[in-house]
There are 2 protein chains.
Amino acid sequence: MTGNSPDFTVSLRAAGLRPTRQRVALARVLFEGGHRHVTAESLHAEVKATPMPVSLATVYNTLNQFRDAGLLREVVVAPGRSYFDTNTGHHHHFFVETDGELHDFPSDEVTIAGLPAPPEGTRLSRVDVIVRVRR
Amino acid sequence: MTGNSPDFTVSLRAAGLRPTRQRVALARVLFEGGHRHVTAESLHAEVKATPMPVSLATVYNTLNQFRDAGLLREVVVAPGRSYFDTNTGHHHHFFVETDGELHDFPSDEVTIAGLPAPPEGTRLSRVDVIVRVRR
DNA sequence: CAAGAACCTTAGAACCATTCTAAGTTATTG
DNA sequence: CAATAACTTAGAATGGTTCTAAGGTTCTTG
């Protein structure tokens, strides 16, 4: 038995996505190992050199599908590009403005009190906290 | 005397910007009346019909300059477009994801406790809270 | 107030991230 | 294993934003 790599075939199927070779390859890069932040370009660059290179169009498609399926979270902190975060649990972000780096921090220890009620006719979707820092 | 409109000539000059007709016209649209959120396109559409129409390129230039001068704050909440907020004081945002609307709320009553320390070698720039809601 | 210099505006081209198109390929189902 | 539905892809298209370079405006200084 190979033994040590999660079966992305089944998790993709569970998410309602066909486990194609490209999606499995991307899932491996994304979800094997700890949490990560990628952009479409950075992920494409990373996967381009592997035995299963994936086109940029598919990288975009896949990131959007994974996001829609709840496997990724899209993070928008700066104009012009989207980040995708493999951590989909409750957490917030440091954004290092001077070099475009993004870091998670858990929301456990953070308390936000006194938020106003959502506008009439809307329901809460999520609260994002972005701590912007510079070097 | 005309009497009732602030002198944008002096505030622009104070911000280190030549008070050109275009910049004064945009300042009027932006800063006369209460706080607003605009995009480059929405501001251009608004000013296009006036006695001092301004090109789209200049709208972009001016928004960037006003932002750099601290007269506007850029708000990035969704991929693909930037909002500019005439409220540069401490406050946070509701973002209505279903229709792209942005609303301010004061930060006075909001308390954020337990934020982790900024990463080594960085200093805090700003803390943004974005309350995402849907209709 | 004239004249030069510095700065600004603009149309259109260019750019860059992202999405679309259409044709070929692959996974699934029976 | 054939039919079908879903997927991938190169390249074109899109949309927001920035750049270019040519002409106009504002400022400074005497």
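In what follows, chains are A, B, ... by sequence order, proteins preceding strands, each numbered from 1.
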From Asp104(B), Asp128(B), Asp85(B), Asp68(B), residue fulfilling salt bridge (charged side-chain N to carboxylate O under 4.0 Å, His left out) relative to Arg73(B)
Asp128(B)
Describe, in one word, how the ring planes of Phe31(B) and Phe8(B) are oriented to each other, choosing from parallel (under 30°), tilted (30 to 60°) and perpendicular (over 60°).
tilted
Look at all strands and tell whether Ser82(A) reaches a base, only sugar-phosphate, or nothing, counting heavy atoms closer than 4.0 Å.
sugar-phosphate
Using whole Å, what does the distance between atom C1' of nucleotide dT19(C) and atom CD of Glu74(A) come to?
13 Å
Distance check needed: dT18(C) P versus Leu43(A) CG, whole Å only.
12 Å
Check whether any side-chain heavy atom of Arg36(B) sits under 4.5 Å from a side-chain heavy atom of Val29(B), and report yes or no.
yes
Could you check whether the rings of Phe95(A) and Tyr83(A) sit parallel, tilted or perpendicular, using 30° and 60° as the cut-offs?
perpendicular
Taken to the nearest whole Å, NZ/Lys48(A) to P/dA10(D) is 11 Å
Return the nearest nucleotide to the side chain of Arg23(B); candidates are dC8(C), dT10(C), dT18(C).
dC8(C)
Any side-chain N or O of Ser55(A) under 4.0 Å from OP1/OP2 of dT8(D)?
no
Base contacts versus sugar-phosphate-only contacts with protein, heavy atoms under 4.0 Å: please encode nucleotides 21-30 of chain D as B, S and - from 5' to 3'.
----SBS---
Tyr83(A) OH - dT18(C) C1' separation (whole Å):
16 Å
Euclidean distance, atom CD of residue Gln65(B) to atom C1' of dT17(D) [Å, nearest integer]:
14 Å
Gln22(A) versus Thr62(A), side-chain donor and acceptor atoms under 3.5 Å
no
Quick check on dT18(D): is either OP1 or OP2 less than 4.0 Å from any side-chain nitrogen or oxygen of Tyr60(B)?
no
For Asn61(B) and for Val59(A), find the nucleotide of DNA chain D with the closest heavy atom, then tell me which residue's nucleotide is more 5'.
Val59(A)
Atom CG of Leu12(A) and atom C1' of dT28(C): how far apart are they, to the nearest Å?
15 Å
Whole angstrom is fine here: how far is it from CZ in Arg81(A) over to P in dC15(C)?
17 Å
For Asn64(B), answer base if it contacts any base atom (sugar-phosphate contacts may also be present), sugar-phosphate if it contacts only those atoms, and nothing otherwise; contact means non-hydrogen atoms under 4.0 Å.
sugar-phosphate
Take atom CG of Leu56(B) and atom C1' of dT9(C), then tell me their distance rounded to the nearest Å.
13 Å
Validation row, ring centre His93(A) to ring centre His37(A) under 6.0 Å:
yes
